[in-house]
There are 4 protein chains.
Amino acid sequence: MFPNIDPQNGIPLFEQVCRQVKFAIADQAYLPGELLPSVREMAQKMAVNPNTVARSYGELQREGIIESVRGTGMQITAEARRICQKERVRLIQERIVSALQEARFSQLTQEEVTKIVEREIQRLWKSK
Amino acid sequence: MFPNIDPQNGIPLFEQVCRQVKFAIADQAYLPGELLPSVREMAQKMAVNPNTVARSYGELQREGIIESVRGTGMQITAEARRICQKERVRLIQERIVSALQEARFSQLTQEEVTKIVEREIQRLWKSK
Amino acid sequence: MFPNIDPQNGIPLFEQVCRQVKFAIADQAYLPGELLPSVREMAQKMAVNPNTVARSYGELQREGIIESVRGTGMQITAEARRICQKERVRLIQERIVSALQEARFSQLTQEEVTKIVEREIQRLWKSK
Amino acid sequence: MFPNIDPQNGIPLFEQVCRQVKFAIADQAYLPGELLPSVREMAQKMAVNPNTVARSYGELQREGIIESVRGTGMQITAEARRICQKERVRLIQERIVSALQEARFSQLTQEEVTKIVEREIQRLWKSK
DNA sequence: GTGGTCTAGACCACC
DNA sequence: GTGGTCTAGACCACG
């Protein structure tokens, strides 16, 4: 359920963790009122240090997506899904746009880019 | 000629500088045998610390794209254009693919992604 | 009778519970020889986990304010009132002094602080 | 200039550091555009771990009081003073009010509290 | 068991 | 030199 944490891709680990959790919530893998896996559990799942997960959870808490219940765990808030769905689109869109902007500036033609994009979309979504 | 340097987008400055120079060479803005602008000059153009440019030039030299000519400056090599054109496509493609992969994993539908991509391509290349 | 338990104000819950009980005893709401409400009952009154109350009772016992009577409950000791009255003043005074010290150190003027204090005292005790 | 960090008073160290820095800025000990002492330097001044200071600086950054200048340090923002002056009053007032509320609820009389407060204010500000 | 805080020490990218 | 990130491991308060 949480693959994809990559220490070598430039994006900080704690931020990748945030993204994964947001995507999972947007996807209703966790529902409001439920508890997120504990810091230690999640750390093991994702093969990162517990402190890294703790930092991510702190971030999510600040964004109003989860809240700490003393001695119990981190609980999904009522607004979590709404926030995460917006975030999901925003985060991904941001990254796509940024990549396309670089392509544009570097003088690639619309045709070249379209070809790359269509090929990859076919490849990635074919298994559906 | 060199806009787009963004200190806040996660990609190291010196790497952004490398990219810009590679793209300019791929685009034949600089031809083999010509000199690159001096470190200081380029630093000013790009609004970046001279040390950052120096590091980028070192990187380009290591990749065989430019070579230092004693007392004169950094000269574009004969193979520069070939290398840079390959690089340009590789770098951009890599980034696009990585962004689309995240979109795929996060359960966005093919339709949603296609919509974003097409809209942005229209927007970015409309001025052509 | 026991409002004011606030999970978010930095002071541990079990300590807030201790304070409330001490203040109630100082106030003669409980007299020597009487029994405190059972752990479960008190937990419900204060909307707090029974374990938290149990810990507080343990603390109060260690301070000689209550004593456990086998199979009966926690009994108010003879010295309870004396201890609690001293405690009450000490605890409150300590907290006020600490807050004022920070105000002093942070270069607030005597006038600013006096204004805040007088306003709040008026507000809090007006219903008398 | 930065005394008063106390590991034993219940308030987290990183938060005490934040408060101290805010108070210093409110007091114009640091002006907009200036750099805060480096993480390592401040850590030594305050006798805490550099990571603790880093966390505080991150917090201040999130509140718009300082901003990170790559490779240079943490710079006081233009709005820092305004924010910190508001914060100073808010933080201190909050603490005073909270202490007085406890006094109120615990059945101390207005006279008792007034006596304590006036005595302490005299004592703390007498050296002015 | 849970999260929260703190320390120590490391490595990196940037100036 | 600077801040940013990550790890490892500890202790505490709370349920």
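Keep in mind that the numbers below use all heavy atoms, side chains included, and drop hydrogens, waters and symmetry copies. Order of the sequence lines sets the chain letters (A, B, ...), proteins ahead of strands, with each chain counted from 1.
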Requested in this report: With sequence neighbours excluded, tell me which residues meet side chain to side chain contact (heavy atoms under 4.5 Å, CB included) with B:A103.
Outcome: A:I92, A:W125, B:V113
Report summary line: For nucleotides 2-8 of chain E, 5' to 3', base contacts (B), sugar-phosphate-only contacts (S) and non-contacts (-) with protein non-hydrogen atoms under 4.0 Å give BBSBBBB
Query raised in the report: Quick one: salt bridge (charged side-chain N to carboxylate O under 4.0 Å, His left out) pairs with a partner in residues 33-43 of chain A, sequence neighbours left out?
Result: none
Query - Watson-Crick or G-U stems of DNA chain F, 3 or more pairs, under 3.5 Å, by first number - result: E:1-14 with F:1-14
Report task. Check side chain to side chain donor-acceptor pair (under 3.5 Å) between D:Q93 and all other residues, then give those that pass, not counting sequence neighbours. Result -> none
Query - Results of side chain to side chain contact (heavy atoms under 4.5 Å, CB included) for D:P32 - residues two or more places apart only - result: none
Report task. Can you sort out the partners of D:T52 under side chain to side chain contact (heavy atoms under 4.5 Å, CB included), two or more places apart, ordered by chain and number? Result -> D:L13, D:F14, D:V48, D:N49
Query - Pairs involving residues 47-57 of chain C, ordered by first then second residue, that meet salt bridge (charged side-chain N to carboxylate O under 4.0 Å, His left out) (sequence neighbours left out) - result: none
Query raised in the report: Which residues pass the salt bridge (charged side-chain N to carboxylate O under 4.0 Å, His left out) test with C:E59, sequence neighbours left out?
Result: C:R62
